[in-house]
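Here's the structure we're looking at; comments come further down.
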Amino acid sequence: MSQVRVRFAPSPTGFFHIGSARTALFNWLYSRHTGGTFVLRIEDTDKERNSEEFLNVIYNSLTWLGLNWDEGPNVGGNFGPYRQSERADIYKEYLQKLSDAGRVYEKDGAMWFKLLGERHEVFDEHRQKTVTKVKTEPTIIEDRIRGHVERVEDEDFVIIRSDGNPVFHFVNVVDDIAMGITHVIRGEDHLSNTSKHVELFEAFSAPMPEFAHIPLILKQNGPGKMSKRDQGALVEEYQQRSYLPEALVNFICLLGWNPGDDREKMAIDEIVQLFDLPGVNQSNARFDDKKLAHMNMVYLLELPADKFLFLAGEYFKQKQLSVALSADSEYFREVMLLSQPKIKGIEELPDYTNYFFTEDFPIDEKVKTKVLGKGEPLARLAELLEVLPSMNLASDESVEAAIKNLAEVRSQGFGSYQSIARLALTGTNIGPSITGIIRVLGREKVQSRLERFST
RNA sequence: GUCCCUAUCGUCUAGCCCGGUCAGGACAUCUCCCUUUCACGGAGGUAACCGGGGUUCGAAUCCCCGUGGGGACGCCA
């Protein structure tokens with residue numbers, strides 16, 4: 001078999017969303033699995049709706065996800081240029097080919113592709129207008145995912161607009177031919193268009209690429225496919241929220257594909273090895289942010305400390321949380337590492353660690369009522385204050401030993417010290433181990449907070 | 001409306017091609033355990049073959065018809 005060449009062909013008309021990311025991912029995976037080439041082509045023939053900003057979003061998101069392209073903008077290649085807005089000469093040349101073959105005509109200032117067959121006029125109820133139908137043979141699509149599909153393409157269609165700009169169906173096919181694309185992997189929403197494309201490939205006498213139409217991603221709430229406007233649809237959002245790209249990639253690859261067994265968390269190399277077109281499902285999948293969050297946590301738990309620290313720092317910078325950022329770097333490090341095993345996502349960090357960086361942290365009144373209503377918490381607090389000056393804060397273990405010793409001397413449970421100390425030191429009942437909090441906070445802060453709370 | 005795709009727990013899915021398993025896993029949810037809070041983790045529970053016909057000794061699995069879901073029907077991509 002000849003070298004696989006696949007392409008991802010987005011148009012920069014809006015933010016980059018999850019569905020596009022998965023189409024890109026499946027193409028990328030297939031190219032990597034087969035040792036082929038992954039081409040990035042920008043379909044910017046709609047001058048009205050394109051923008052440089054959206055173009056940069058595409059580059060940025062693909063890069064963040066780790067989907068590097070072998071040919072395309074910024075990296076070049078032998079089949080360029082890779083932006084359709086720069087390929088006008090090529091389209092002229094191909095239009096000429098169709099023209100020479102007698103397959104185009106002009107109408108209303110636009111160039112139309114002419115289907116072969118008998119013509120007759122029909123009133124289309126749905127569109128409320130008279131259209132010319134052509135009696136054609138059904139086009140046949142041997143789809144790698146859906147199998148044998150037949151569809152009748154029975155109306156001529158515009159390939160060059162009256163303003164001279166070519167239309168998607170035309171440039172898409174021309175570029176796939178010109179760029180030697182062997183496999184067209186795209187969303188199922190294009191399946192109905194494929195009959196037009198097949199007609200064009202045949203008109204050009206070009207070799208037909210393999211088609212693989214992947215199922216769509218449905219929006220989490222409400223009917224229909226996910227679109228750019230839906231909650232949680234934008235890749236950029238996950239980047240800003242400091243999701244781990246590995247987790248997002250792992251999650252979206254499981255939307256419509258699976259390795260054939262129970263494996264879910266897989267390294268990208270493993271996915272590349274296992275991915276293949278026959279493994280792709282035929283039915284649409286609904287997006288589930290809970291499962292994505294879980295996947296993110298799984299990746300977060302095993303993230304190396306320095307990497308976690310870097311991401312945490314970046315997140316605090318992005319959020320411009322100056323108090324935390326101006327903290328001593330060793331202190332910041334300790335706070336973050338204490339929190340890493342406890343959270344589901346980086347974005348929880350500011351709230352989760354707030355009390356480490358300010359004396360002005362909120363007190364959860366419900367927790368306060370609960371803690372103060374049980375036993376003699378203020379007596380335990382006083383006892384903690386007594387032993388604090390001599391407490392060894394070198395490690396979590398030494399702190400733990402000190403409190404356990406105190407508990408034993410006073411015939412109390414560890415928990416009774418833990419709950420009041422946590423309330424006084426953090427204002428809440430959630431957080432890392434109390435011993436870690438005391439160690440990292442330091443004697444001075446612990447003392448002042450305990451004292452403040454006892455008055 | 002026409003055409004195309006599709007159908008297993010609430011969700012993602014395995015099983016279907018090559019009919020015979022208490023229909024398996026994960027997320028979510030519930031219970032218990034662990035415990036120094038909250039998480040994590042461990043054990044267990046609730047929970048599905050869309051409906052109707054066929055074919056067959058036997059159907060989630062093969063066929064047909066409904067129904068549901070999705071998509072396309074632009075001088076958007």
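So you know, we letter chains A, B, ... as the sequences are listed, proteins then strands, and number each from 1.
Of the candidates B:rA28, B:rG70, B:rA72, B:rA28 carries the atom nearest the A:His294 side chain, counting heavy atoms from C-beta on. When distances run from any side-chain atom of A:Val149 to the nucleotides B:rA77, B:rC4, B:rC40, the shortest one goes to B:rC4. For A:Lys225, counting side-chain heavy atoms from C-beta on, the closest listed nucleotide (B:rA77, B:rG70, B:rA28) is B:rG70.
Using a 4.0 Å heavy-atom cutoff across all strands shown, A:Thr45 reaches sugar-phosphate atoms only and no base atom. Among the atoms of the strands shown, none is found under 4.0 Å from any heavy atom of A:Ser419. At a threshold of 4.0 angstrom between heavy atoms, the contacts of A:Glu43 are confined to the sugar-phosphate backbone, with no base atom among them. Within the 4.0 angstrom heavy-atom criterion, only backbone atoms of the sugar-phosphate kind lie near A:Pro223; the bases stay farther away. Residue-level contact check: A:Asp261 touches neither bases nor backbone, having no heavy atom under 4.0 Å from any strand. Within the 4.0 angstrom heavy-atom criterion, only backbone atoms of the sugar-phosphate kind lie near A:Ala285; the bases stay farther away. Counting non-hydrogen atoms under 4.0 angstrom, A:Gly224 reaches the backbone sugars and phosphates but no base. At a threshold of 4.0 angstrom between heavy atoms, the contacts of A:His213 with the nucleic acid are absent. The residue A:Asn284 sits close only to the backbone: its heavy atoms come under 4.0 Å of sugar-phosphate atoms, none of a base. At the heavy-atom level, A:Asp189 lies under 4.0 Å from the strands shown only through sugar-phosphate atoms.
Heavy-atom distances to RNA chain B give each of A:Gly256 and A:Ala9 a nearest nucleotide, and the one nearer the 5′ end belongs to A:Gly256.
A:Phe275 and A:Trp257 have their aromatic ring centers within a separation under 6.0 angstrom. Remark: aromatic rings of A:Phe251 and A:Phe287 are close, center separation under 6.0 Å. In this structure, the ring of A:His190 has its center less than 6.0 angstrom from the ring center of A:Phe168.
Each salt bridge (Lys or Arg N to Asp or Glu O under 4.0 Å) pair with one or both residues in residues 246-259 of chain A, not counting sequence neighbours, appears once here: A:Glu246-A:Lys307.
Between the CD1 atom of A:Ile214 and the P atom of B:rG70 there is a distance of 18 Å, rounded to whole Å. One interatomic measurement links the two molecules: CD of A:Glu155 to P of B:rU2, which rounds to 15 Å at whole-angstrom precision. Across the protein-nucleic acid pair, A:Asp289 atom CG and B:rG10 atom C1' stand 14 Å apart, rounded to whole Å.
No hydrogens or angles were tested; on distance alone, nothing pairs the side chain of A:Asp288 with the base of B:rA28 as donor and acceptor under 3.5 Å. Residue side chain A:Lys291 reaches the base of B:rA26 through a donor-acceptor N/O pair under 3.5 Å, judged by distance alone. For A:Arg422 against B:rU37, a side-chain N or O and a base N or O form a donor-acceptor pair under 3.5 Å. Side-chain atoms of A:Ser192 stay outside donor-acceptor range of the base of B:rC3, with no qualifying N/O pair under 3.5 Å. The base of B:rU37 is paired with the side chain of A:Lys342 by a donor and an acceptor separated by under 3.5 Å.
Aromatic ring pairs are classed by plane angle as parallel below 30°, tilted from 30° to 60° and perpendicular above 60°; the pair A:Tyr105 and A:Trp112 is parallel.
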Worksheet entry | Criterion ring pair (Phe, Tyr, Trp, His ring centres under 6.0 Å) on A:Tyr94 and A:Phe204, from CA distance to verdict | CA-CA 8 Å; A:Tyr94 274 80; A:Phe204 283 118; 5.3 Å; yes
